[in-house]
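Data block below; observations after.
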Amino acid sequence: MTRRPRLTAELVRRVHRDLADPGPMQRQKNVPKSWFAVTARSLRAALAPGEPLWVFAFGSLIWRAPIAFSDRRTGLVRGWHRAFCLGWDTRYRGNVDQPGLMLSLDRGGSCKGVALKIAPERLDADLVRLLEREPPIMPRWVNVATDTGPLRAIAFVAERGYAGYVGGLSETEIADRLAVAVGFWGSMAEYLLNTVEHLERLGLHDRHLWRMQDLVAERIAARQPDTGAGR
């Protein structure tokens, strides 16, 4: 990495708490089990004969995937930008008192990310596993420009009409949330740091996330001073 984020693993440790899994959030409870298989069949039916299924990753799917992808390519999607607009997480990286705000794609601009290919021989099972891991969102098709040519991929986009879409927050308000939210998977600060570091390693600099990690680091350092414990 040519740049070192101000947010560090040591700052992330100051926020961490061990929390038990509180169970599914309400929007997860409202989704019938059959939805995942039905959605997977719908997505597969949209593929041309012999066309592979690619998934456009812009956040934790880059570094915490539930399945093994058979190929990956960095690429650019136009018309969408990476944003903390998916909420509110009261389970994985947030709780009812301090809910988390996850990354999704919002309208406008562009987004650099990673196109991930699902192995054809595992398509049915892996696609269902992927849908179960993501919020109950119907993925949309996006066009990805890569160094080896354009391809079509699905992306988990929080459309503005979606019940979990959160818009209109300033960077300051978002940073205030990310600096304190913790769930049973870990903290939002950890989620942010991992995403920033993995994008940088791929040569995909995101100016918004870079500003955000700086703001979150500033808040953690001010609220959770280093006591030297454990040294």
Sorted by chain and number, sequence neighbours left out, salt bridge (Lys or Arg N to Asp or Glu O under 4.0 Å) with Arg160 holds for Asp106
Please check if the side chain of Ser187 supplies one atom and the backbone of Val15 the other of a donor-acceptor pair under 3.5 Å. no
What one should report as the nearest heavy-atom pair of Val144 and Gly75 is CG1-CA, 3.8 Å
Residue pairs meeting salt bridge (charged side-chain N to carboxylate O under 4.0 Å, His left out), one or both in residues 48-63, sequence neighbours left out, come to Glu51-Arg152
With sequence neighbours left out, the residues meeting side-chain contact (heavy atoms from CB on, under 4.5 Å) with Glu121 are Ala119
By ring-ring contact (aromatic ring centres under 6.0 Å, His included), Trp185 pairs with (sequence neighbours left out) Tyr92
Tell me which donor-acceptor pairs under 3.5 Å the side chains of residues 37-45 have, and how far apart each pair is, sequence neighbours excluded?
{"residue": "Thr39", "atom": "OG1", "partner": "Trp35", "partner atom": "O", "Å": "2.7"}
{"residue": "Arg44", "atom": "NH1", "partner": "Asp124", "partner atom": "OD1", "Å": "2.5"}
{"residue": "Arg44", "atom": "NH1", "partner": "Asp124", "partner atom": "OD2", "Å": "2.9"}

Do Leu76 and Leu202 share a hydrophobic cluster (ILVMFWY, side-chain heavy atoms under 4.5 Å, transitive)?
no
Sorted by chain and residue number, the side-chain contact (heavy atoms from CB on, under 4.5 Å) partners of His208 (sequence neighbours excluded) come out as Phe84, Glu171, Asp206, Arg211, Met212
side-chain hydrogen bond (donor to acceptor under 3.5 Å, both in side chains) filter on Thr74, not counting sequence neighbours, yields none
What one should report as the nearest heavy-atom pair of Pro22 and Thr90 is CG-O, 3.8 Å
Within 6.0 Å of CZ in Arg78, more than 12 heavy atoms from elsewhere:
no
Residues pairing under salt bridge (charged side-chain N to carboxylate O under 4.0 Å, His left out) where one sits in residues 23-35, two or more places apart or in two chains, turn out to be Lys33-Glu132
_Tell me if a side-chain donor or acceptor on Asn95 pairs with a main-chain N or O of Val182 at a distance below 3.5 Å._
yes
Report yes if some heavy atom in the side chain of Leu7 is under 4.5 Å from a heavy atom in the side chain of Ile220; otherwise report no. yes
Sequence neighbours excluded, the answer for side-chain hydrogen bond (donor to acceptor under 3.5 Å, both in side chains) partners of Thr172 is none
* Asked: Is a salt bridge present between Arg73 and Asp147, judged by a nitrogen-to-oxygen distance below 4.0 Å?
  -> no
By side-chain hydrogen bond (donor to acceptor under 3.5 Å, both in side chains), Tyr162 pairs with (sequence neighbours left out) none
Check your understanding: Given Arg177 and Glu173, is the salt bridge (charged side-chain N to carboxylate O under 4.0 Å, His left out) satisfied, shown in steps?
Key -> CA-CA 7 Å; Arg177 298 280 190 167; Glu173 291 172 315; over 6 Å; no
All heavy atoms of Pro136 vs all of Val31, minimum pair found to be CB-CG2, 3.3 Å
For residues 54-66, tabulate all N or O donor-acceptor pairs below 3.5 Å that involve a side-chain atom, not counting sequence neighbours.
{"residue": "Ser60", "atom": "OG", "partner": "Arg133", "partner atom": "NH2", "Å": "3.1"}
{"residue": "Trp63", "atom": "NE1", "partner": "Thr195", "partner atom": "OG1", "Å": "3.1"}

On a heavy-atom basis, the closest approach of Ala155 and Leu105 is CB-CD1, 4.1 Å
With sequence neighbours left out, the residues meeting side-chain hydrogen bond (donor to acceptor under 3.5 Å, both in side chains) with Asp126 are Arg122
According to a hydrophobic-cluster definition based on side-chain heavy atoms being under 4.5 Å apart (Ile, Leu, Val, Met, Phe, Trp, Tyr only), do Leu11 and Leu193 belong together?
yes
